[in-house]
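Some notes on the structure that comes next.
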Amino acid sequence: MNKALYFAIIEHMNDDNKADDPKKETTSKFTDKFLKPYDSKETEDRIYKLWEESGFFNPDTLIKENIIDAEAEPFSIVLPPPNVTGTLHTGHAAMLAIEDIMVRFNRMRGKKALWIPGTDHAAIATQSLVEKQLAKKKIRRQDIGREEFLKHVDAFASESHDTIVNQIRKMGASIDWSREAFTLDNTREKAVRTAFKRMYDDGLIYRGYRIVNWDPKGQTTISDDEVQHEDRKAHMYTFKYSKDFPISIATTRPETKVGDTAVAVHPDDDRYKKYIGNTYELEFAGVPLSIQIVGDDKVDPEFGTGAVGVTPAHSMTDWEIAQRHDLPMKQVINEYAKMMVDAPELKDKKTTEAREIIVKWLTDEELLEHTEEVDQSISVAERTNGIIEPIPKLQWFIDVHKEFTLANSHIDGIKSGQKTSLKELMLTVVKNDQIKIIPERFEKTYFHWIENLRDWNISRQIWYGHRVPVWYDKDDAIHLQEEHNIIFIRHGQSETNASGIIAGNTDTPLTDKGRAQAQDEVKSLKERNITKIISSDLSRSKETAEIIGRELGIKVESWCELHEVDAGDIQGTFKDPENHFLQRAQDAHTGETLEQIEYRARLIIEKLKSLNETGNVLVVGHDAFIAMIFGVWNNVPKERLMDHINSWKSLDNAKGLDVQILTDPQGEDLTQDPDTLDTWFSSGLWTFSTLGWPSQTDDLKTYHPTNVLETGHDLLFFWIARMILMTTYLLGDIPFRTVYFHGLILDKDGKKMSKSRPETAIDPLIAIEKFGADALRMAMIVGVGPGSSNTLSDEKIKAYKKFANKLWNATRYVLESIGDFDTERTVTLTKKHASYIDELHALVNEITNEMEEYKYYLVAEKLYHYFWHTFADVIIEESKDLLTHGTEEEKLSAHYTLWTILTTLLKLLHPFMPYVTEEIWGALPHNKTHLLMVEKWPIQK
RNA sequence: GGGCGAUUAGCUCAGUUGGCUAGAGCAACCCGUUUACACCGGGUAGGUCAGGGGUUCGAGUCCCUUAUCGCCCACCA
């Protein structure tokens, strides 16, 4: 039947029913909506707006609205930040679907569920995109200079940022946008510079002249992980340098041989050991060479001729041999992959041309013994596909072997103050199970990688990124930023504190206990290199400061603008444990306004920043005003400042916290290092830099370590390992408890989706348009176990679009059937219905356990199956007969059963299909005050 | 060269520590349409669990082996 006609008939019939069936009329207000098939396009954006406006993505709101307890267990995830320049692909879609399931499930279980969004500046990738754009206008970055170029990049990045962020919304991600971060913003810059400084001071970051992976195409060095291998055919040439040279050598790269300084043989090789120690002066392809024969047991006598021509400047292995034998290094290839030797035939020739020239020369001179075709894997740069040239350069590295003292350890098996190395830390936290990797087999891969880990080259010769925070003076000596701490403490107990009265801006002296508390603080402050003490002018603060100042031998400076918040009429009244006094003061409209306090805090911050102290500064002040300073300093947005102060865990008397101030080194003729840091350096800090580190924010204390890090297994080394390195070192802690690798999404032919085959790739945005985000989410979950790959096709997504519609229509049936059934009343269930309810409870138990074990692929399938083939096909079908022919008792039993199963399933399905379940929930004729997203997860029985 | 994984219905995959006659979705075929839903219902067919060997009362599941495919790592000149 023609579809339009069909619906026309249905609607017409419904009108008839309304006319002659009064009961239908009472229920129709609820069911009208369900007469048309579920329309995801009409629903999704509207529902997302509803969620966003509710503020429930932010756990602070959940507490404020009494939906969860302030002491509830935290659950936190950071979003693996997509590249600013990216657009949503199926990998992102799978990641967002799974993480949203995790967050929604835990939110419904009453936890403080926080999911932090952000984007990555993706240094090399972004810069090369912008360079390509400019190239179309015939502009090179060198023409316009660093500053101008970066303006172009920033403009481009902020524009594409909005695209990816809106695409994340489309997937239904219940992510807290108020905490959004960017790897290159101010807070993250501070984190990067602090991290760099600490590692430098500990000797873990060093500058060294070493062989690095040079990408001639991208004109930058890259780390070992950014090098990929491609198999190609190559020619292996066996030859002698000259007629009188005694040993033949083999190579696939004859052009590098003009840089040889030695030939290495095995020390026990009878053929060659008589030559060890000799040096031969000869001329090779017009280039004079001085070749020393060395014995090295790394040489395999069985391979090739059993002798290696050593090129220290252009091979990592050879460089290592050269180190062992103190051989000279001779660079013959430059940054443009061209020859830099004096011989006129070779000078400035590309390496490939030079190879041909040298092979011809070898042939002409009859030095070439034979040529063989071999399989060879060549190194290419991950981003640019340029062929890597190993060349020696002065670069910055992180030393993964060096021992240092870990001051404050939360790591099982490593005590505070114990000596350790980055490598050891990285191994320990996975070996001791503090971090679990799912699926487990990747732990093996991880260990293997760590065991072979070499120092990490972190400097890049590109402009976009965090600039290396190092300055050189005219003697090339190294200078780093100064780091000062401002230590805020609160005064000791005052008389009004003791009697529970709000003092605000009125004066009140310290009690004996307060004086003792101040005295107590001195001990820890003595170790802090304090050179200045500043206090509020109110006596309780001044007295505290002076007690400390006397012990430290420092005169106290009094700043009147540090005084406590003027609370107006509230002053002198009793404290209200439910309400922070600042809130009460604001409500009373008699003291300082929020704007005034915020302004005062900004002035104080500026004044503190401009102090030219060599040591740390101690500031003694008051609870509410310190809270405000701390909030402003940590960029809490204006609209969240009051929440920040309300949730401020009031400082114990005379206890404090730190804020770091970084200042560029001062001095004449200082120039900053022109290089930028590897983008993974800042990504490595992500779990805690997003929470405000290096400031000791509430977020950091509550939400770190994060619970889960969910991503593709291709990021195991790039990102996971780097996060573990940075976090164990800087915080002495783990970044996350569980690593969950989702499967890669393949196209319907089982191939990796790629830009080169756009016809088979599924665009998540088009899929959402056609089938709805819920359907896409289900299709990406069902059957996708962790770490395995999965194929996605339009047919699969379509199947779940039908499922959404099935939910929709089953709801319509239930609502029509139960009429005005009172959902709160108790009913006696028939034997059969009781068993259905028991089955439902069993399902809840099973599913809850599997959710905790991250088996979403199973849960999604079970829910689908139960809803369709048990609830709809059996329970609903049976109820039809009962509701027409059954007794009143049986009808009530059926009403209860239908209602209970439907509402329970909506909750269970919500993490998977949030839009359609929320939309249905909102249309149910019950008095629910909350959105489904914050309903309680069904209780396990 | 080393390591990891996969191989179950035409396709995509489940199958928990070994335990009923090996399951699901999609596709196929047949039947069914006023009565929540045709974005539907009922039914049918389809498998030597890659091959071989072993352990066991019992193996898709554990062990060995072979084959094919996929992925990761690697400085054989």
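Put simply, A/Lys444 has a side-chain N or O that comes within less than 4.0 Å of OP1 or OP2 on B/C4. Checking the phosphate oxygens (OP1, OP2) of B/G25, a side-chain nitrogen or oxygen of A/His869 falls inside 4.0 Å. A/Trp868 has a side-chain polar atom (N or O) that falls below the 4.0 Å cut-off from OP1 or OP2 of B/G41. Residue A/Arg454 places at least one side-chain N or O under 4.0 Å from the OP1 or OP2 atom of B/C75. Using a 4.0 Å cut-off, some side-chain N or O of A/Lys806 falls inside it from OP1 or OP2 of B/G41. Here A/Lys880 does not reach the OP1 or OP2 of B/U35: none of its side-chain N or O atoms lies under 4.0 Å away.
Across all strands shown, A/Asn452 has no heavy atoms under 4.0 Å from either base or sugar-phosphate atoms. Across all strands, A/Leu858 comes closer than 4.0 Å only to sugar-phosphate atoms, never to a base (heavy-atom distances). Looking at heavy-atom distances under 4.0 Å, A/Tyr864 makes contact with sugar-phosphate atoms alone, never a base. Residue-level contact check: A/Glu877 touches the bases, meaning some heavy atom is under 4.0 Å from a base atom. Nucleic acid contact for A/Ala264: none, since no nucleic acid atom lies under 4.0 Å from a heavy atom of the residue. Across all strands, A/Ala810 comes closer than 4.0 Å to base atoms (heavy-atom distances).
If you take atom C1' in B/G3 and the same atom in B/A45, they sit 43 Å apart, rounded to whole Å. With P as the reference atom, B/U16 and B/G54 are 25 Å apart, rounded to whole Å. When the P atom is used for both B/C13 and B/C57, the distance is 37 Å, rounded to whole Å. Rounded to the nearest Å, the gap between the C1' atom of B/U65 and that of B/A74 is 27 Å. Nucleotides B/G43 and B/G5 have their P atoms positioned 41 Å apart, rounded to a whole Å. Between B/U66 and B/A59, the two P atoms lie 24 Å apart (nearest whole Å).
Remark: B/G58 base-pairs with no nucleotide; criterion is Watson-Crick or G-U wobble with both hydrogen-bond distances under 3.5 Å. Across all strands shown, nothing is found opposite B/G18 as a Watson-Crick or G-U wobble partner with both distances under 3.5 Å. In a base pair of the Watson-Crick type (N1 to N3 plus N6-O4 or O6-N4) or a G-U wobble (N1-O2 and O6-N3), with each distance short of 3.5 Å, B/G1 is matched with B/C73. Of all nucleotides present, only B/A6 satisfies the Watson-Crick or G-U wobble test against B/U68, with each distance under 3.5 Å. In this entry B/A36 has no Watson-Crick or G-U wobble partner, no candidate having both defining distances under 3.5 Å. With a 3.5 Å ceiling on both atom-pair distances, the Watson-Crick or G-U wobble partner of B/C13 is B/G23.
The side chain of A/Asp873 lies closest to B/G42 when the candidates are B/C73, B/A77, B/G42. When each of B/A24, B/A36, B/C72 is scored by its nearest atom to the side-chain atoms of A/Glu861, the top-ranked nucleotide is B/A24. If you check B/C39, B/A36, B/C76 against the side chain of A/Lys801, the one that comes closest is B/C39.
Between the NE2 atom of A/His713 and the P atom of B/C73 there is a distance of 9 Å, given to the nearest Å. Atom CZ in A/Phe871 sits roughly 11 Å away from atom C1' in B/A36 (whole-Å rounding). Rounding to whole angstrom units, CD of residue A/Glu846 and C1' of B/A14 are separated by 13 Å. With rounding to whole Å, A/Leu715 atom CG is found 15 Å from B/C71 atom C1'. Taking atom CG of residue A/Asn849 and atom C1' of nucleotide B/U16, one finds them 12 Å apart after rounding to whole Å. A/Asp375 places its CG atom 19 Å from the P atom of B/A74, with the value rounded to the nearest Å. Protein atom NE2 of A/His229 is 16 Å distant from nucleotide atom P of B/G1, rounded to whole Å. Counting to the nearest Å, the P atom of B/C40 and the CZ atom of A/Phe867 are 13 Å from each other.
The side-chain tip of A/Arg777 does not point at the ring of A/Phe912 from less than 6.0 angstrom away and within 45° of straight on. A cation-pi geometry, defined here as NZ or CZ lying under 6.0 Å from the six-membered ring centre and within 45° of its normal, does not hold between A/Lys796 and A/Phe771. Relative to the six-membered ring of A/Phe447, A/Lys431 meets both conditions, a distance below 6.0 Å and an angle of at most 45° to the axis.
For the residue pair A/Glu850 and A/Tyr857, no side-chain donor N or O sits within less than 3.5 Å of a side-chain acceptor on the partner.
A residue-by-residue look at A/Glu850 and A/His865 shows that A/Glu850 has its nearest nucleotide of RNA chain B further toward the 5' end.
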CA sep, side-chain torsions, deciding dist, call: A/Phe397, A/Trp456, ring-ring contact (aromatic ring centres under 6.0 Å, His included): CA-CA 5 Å; A/Phe397 296 88; A/Trp456 171 18; over 10 Å; no
Residues A/Tyr800, A/Tyr864; criterion ring-ring contact (aromatic ring centres under 6.0 Å, His included); working and verdict: CA-CA 9 Å; A/Tyr800 294 103; A/Tyr864 175 90; 5.2 Å; yes
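The pair A/Lys41-A/Asp39 fails the salt-bridge criterion, with no side-chain N (NZ, NE, NH1 or NH2) lying under 4.0 Å from an Asp/Glu carboxylate O.
By the neighbour-count criterion of 12 heavy atoms within 6.0 Å, atom OH of A/Tyr446 is densely surrounded, having more than that number from other residues, nucleotides or ligands.
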